[in-house]
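Worksheet: the structure to be examined is printed underneath.
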Amino acid sequence: MPNINLNTEEPLIMHIDLNSAFATIEQQSRPSLRNKPIGVTNRISKNCCVIAASYQAKRLGIKVGMPLSEAKRIAPGFIILESDPAKYHYIYQKLIAIMKKYSPDIKMKSIDEGIIDFHSTRSNINTNPLEIIGYEIKNTIKREIGSIVTVNIGIGPNQFLAKVAASLHKPDGMDIINHRNLLNVYQSLKLTDLPGIAEHYQARLNASNIFSPIDFLNATSDTLKRTVFNSIIGEDWYYRLRGFEMDNIQTKLGQVGRQWVLNKPTGENNVLTSALQYLCQTTGKKLRYENVDARGVLVWLNLVGGEGWYQRKMFKTSFYSDYDIYRRAVYLLNQRPAGTTVQAMGITCYGLSKTNRHQISLFDEINKTERLTDAIDIINENYGVFKILSANSLMGDKLIKQKIPFGGTEYFQLLISSS
Ligand SMILES: [Mg+2]
């Protein structure tokens, strides 16, 4: 066995995932639906799809994403309900409250999934083995959320392995992945069982002779970076697979960013750069509003088929103007693999520090940029946002709309912060 350099740290990340959340919540609130094949959709219509299914429905072969007509054909007794966001929001808040009892470092990954980071509380508050705490949380959820609500719990040294662990035994499972059993776990999985690896990346991995998680683990950082992912994302995978935390960039560094969904998925460069420019303008405005400068830029894409790509870079000097952000962002965007069709994109500026731009600059150019940027901000402030845009982004706001992802947390965070 080559030296594979696994992270040998004690696993302190816990991933909690409500099982069949929407369907179970409906069954919890309406006892007559319990033990029945039920599903949830956004709005019932002839062509609607199942967005959540109870375990009884899943056992009959009904899958999430399946058209209602097909589900009815498989199971004539299948009951479909319209989604009830108010109910799910209530459960979401309950889950957050339970998780917060264990650590201030929690993060919701979607409406029914979250992580607890035990690092800061291990020595004083949470001294029990994490498995014991896991069972305690399962019981608390039954008591405080609902008697039929179950969760999968995964414990690992990083967010990635905690999520893998939470997927091993559904429903109501609990697994720990550490450096001792990691190889055994990988041996039991397919590439597409790994969170973040769907068909598109599977094909790219296969093209580099990587057919299993073990092959993936044995690939060099350089192969992953240069051949497979064509991005620093490949290097991140090298460490992520070994249990090192690579998914904390947003919480650790402090960041300002914007994300949008394209109305129509596209791979066209002029459409993407136009959308990107629009994102850079809104991000720049936010940076200046917060009185910070950035040194790092991260550009991410959600591709058709559900996979993601990103590229990031820390720069030597800090920046704050729309143009400086855009120049860097487009440099990163241009490194995306050829032929990708983009569904959503985002930009994050990180490496933030308090701005020094109101000091007199020795360099006239910098002062010019500053004055121009300030002037544009003032005009937009007084006459509505984006009265002044650079020509290329005029197309941008027609092509993109603000992202309110169904499974994402932003919408709910917004509700929470406004209530
Ligand atoms: Mg779930």
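Because only heavy atoms are used, hydrogens play no part in the values below, and waters and symmetry mates are left out as well, while side chains stay in. Quick caveat: nothing in here was measured; it's all calculated off a predicted structure. In what follows, residues are counted from 1 in the order of the sequence shown. Whatever order the structure lists ligands and atoms in, that order sets their numbers, starting from 1.
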Less than 2.8 Å away from the Mg ion (ligand 1), how many protein N/O/S atoms can be counted, ignoring water? 3
On the 0 to 90° scale, with breaks at 30° and 60°, tag the F22-Y88 ring pair as parallel, tilted or perpendicular. parallel
Counterpart residues, side-chain hydrogen bond (donor to acceptor under 3.5 Å, both in side chains), relative to S120 (two or more places apart): D105
Any residue meeting side-chain hydrogen bond (donor to acceptor under 3.5 Å, both in side chains) with R336, in chain and number order, not counting sequence neighbours: N269
R295 NZ/CZ over F319 ring centroid, <6.0 Å and within 45° of normal: no
Sidechain N-carboxylate O distance under 4.0 Å for D247, K163: no
Checking K94 now: which residues fulfil side-chain contact (heavy atoms from CB on, under 4.5 Å) with it, not counting sequence neighbours? Y90, I145
